[in-house]
Number of protein chains: 2
Amino acid sequence: MIFVGIVEDDDLIRKSIQDFLNRQQGFRCDWSYNSIESLLLHLRAESLPQVLIMDLGLPGMSGIDGMKLIKQQYPQIDLVVFSVYNDPQKIFDSLCAGATGYLLKNTPLDEIKSAVELLVNGGSPMSPQIARKVIEFFAPRGKREVTSPLSSKEKEIVVGLVDGLSYKLIADRLSISIETVRFHIKSIYRKLHVHGKAEVISKSLRGEI
Amino acid sequence: MIFVGIVEDDDLIRKSIQDFLNRQQGFRCDWSYNSIESLLLHLRAESLPQVLIMDLGLPGMSGIDGMKLIKQQYPQIDLVVFSVYNDPQKIFDSLCAGATGYLLKNTPLDEIKSAVELLVNGGSPMSPQIARKVIEFFAPRGKREVTSPLSSKEKEIVVGLVDGLSYKLIADRLSISIETVRFHIKSIYRKLHVHGKAEVISKSLRGEI
DNA sequence: CGTTCAATCCCATAAACATGGGGGTGATTA
DNA sequence: TAATCACCCCCATGTTTATGGGATTGAACG
């Protein structure tokens, strides 16, 4: 038996999913809330759902913030987002907040059922569009090394900066003079239009070099 | 009609998938290679597959390196990994190399067909285990704020450092004295066991704060 | 009520950094 | 051959950091 909860402010949608799941063999959907506040008020550690279907656009506390709280208090609950939003920021924020699945609201009822089953079996249900956006997070379309104006030596020095080394230590590592390190760093600042190693490190770690 | 290619060194597996797809309505699988080298040698820009099913463990050049080259030369081809490996590193490397899907080798033939269709329709097919590991990349189980020894003010100052601001500018942004900024930074260095803002920025951007 | 702790400020000194200038070499290329 | 360009080195000057010492305030906790 899989125990499911749902947080959704639209009564029609919420009841529709709840009723559907309760008609399915092996499902029990007795946790139904229209806001995070209501859930936090009524949820009891003695009887927890395994899976929570979460809307994002809720009155009061947002679904994102709600998921953070829920995960903090009940980390064993699997959260799956159920939202109309498909922009990368919302997706990213949701996953960081602890969601392990993300379904768009156009998902048919029987696929919601499959998604819940997938979730308790260790999978991560995602609508195809969502999956694609998640993947694109790793390999953004904009190429990087093509646009990097830095020479190979300069890139070695950037590595040293990222590692938190002083000019002296970078010089030692590369077996060159500290004056040469200085020279290269001047070039790096000019080429990247920055004015300090802090910005170089930030750019580098963000993949902008 | 969907045009599919496959790179797989196991003749049995490769031919089995190829034959299966060629029996499907609307599929054409005429690009069949047992190594990256062979593919690079024979692939012609005039007749490209839309989707390439890629093994990772290949003789000669690895699937990961191969995908980088292929994406560089033919960015319009969608790559889907087909591998026994399910460790996070391989998954991560594959996605960074340009894969837009990742199937485990136990995937049945008809699901491979569905995956290819999903891919050309803008989705990202992933085996459930893989999807879960990708998701976990965003919200690693090891909590961060629990382990962060920094106070809220100190964290604000870290943000300033990451933004590349000088002590003076951080002081202005937070409306405090530069001396206070200094004080907090001393505490930060002590708590994080570092000796310079470069290391703080690195740690922060790696999510270690 | 005293202790602890985050947060706010001040001072002083040495080290590291930013920025400007000035030289060179060797390889590539127009 | 002259021009670029990556790479190497040196100097001088002023700014910013790192690190040590202080002090005060208010909120929180037992």
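Note that the structure is predicted; figures quoted are calculated from it, not measured. Numbered from 1 within each chain, the chains take letters A, B, ... in sequence-line order.
One can place CD1 of B/Ile201 at 14 Å from C1' of D/dT16, the figure rounded to the nearest angstrom. Here the P atom of nucleotide D/dA18 and the CG atom of B/Leu161 are 8 Å apart, to the nearest Å. Atom CG of B/Leu165 is separated from atom P of D/dT16 by 13 Å (rounded to the nearest Å). A straight line from NE2 of B/His184 to C1' of D/dT17 spans 17 Å, rounded to a whole angstrom. The distance between atom CG of A/Leu150 and atom C1' of D/dA6, rounded to the nearest whole Å, is 13 Å. Rounded to an integer number of Å, the gap from CG of A/Leu169 to P of C/dA16 is 9 Å. A straight line from CG of A/Leu174 to P of D/dC7 spans 11 Å, rounded to a whole angstrom. To the nearest angstrom, C1' of D/dA6 lies 16 Å from CD1 of A/Ile185.
Contact check, B/Ser177 against C/dT8: no side-chain N or O comes under 4.0 Å of OP1 or OP2. Between A/Thr180 and D/dC10, a side-chain N or O to OP1/OP2 separation shorter than 4.0 Å is absent. Applying the 4.0 Å criterion to OP1 and OP2 of C/dA7, one finds that B/Ser151 has a side-chain N or O inside that range.
DNA chain C is contacted by both A/Ile178 and B/Lys153; B/Lys153 maps to the nucleotide lying nearer its 5′ end (nearest heavy atom per residue).
For the salt bridge (Lys or Arg N to Asp or Glu O under 4.0 Å) condition, no pair includes a residue of residues 80-94 of chain A, sequence neighbours left out. Sequence neighbours left out, not one pair with a member in residues 169-199 of chain A passes ring-ring contact (aromatic ring centres under 6.0 Å, His included). Within the structure, every pair that satisfies the salt bridge (Lys or Arg N to Asp or Glu O under 4.0 Å) test and touches residues 31-60 of chain A, not counting sequence neighbours, is listed here: A/Asp55-A/Lys105.
Residues B/Tyr102 and B/Phe82 keep their aromatic ring centres 6.0 Å or farther apart.
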#### Entry: Contact pattern, 5' to 3', of nucleotides 19-30 of chain D - B, S or - by protein heavy atom under 4.0 Å
BBB---------
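For A/Phe20, there are no ring pair (Phe, Tyr, Trp, His ring centres under 6.0 Å) partners, not counting sequence neighbours. A/Asp9 pairs by the side chain to side chain donor-acceptor pair (under 3.5 Å) definition with nothing, not counting sequence neighbours.
Residue-level contact check: A/Lys168 touches neither bases nor backbone, having no heavy atom under 4.0 Å from any strand. Note on A/Ser187: nothing from the nucleic acid sits closer than 4.0 angstrom, heavy atoms only. Across all strands shown, A/Ser166 has heavy atoms under 4.0 Å from sugar-phosphate atoms exclusively, and none from any base.
Evaluated for a salt bridge (charged side-chain N to carboxylate O under 4.0 Å, His left out) with A/Glu154, the options A/Lys191, A/Lys186, A/Arg190 yield exactly one hit, A/Lys191.
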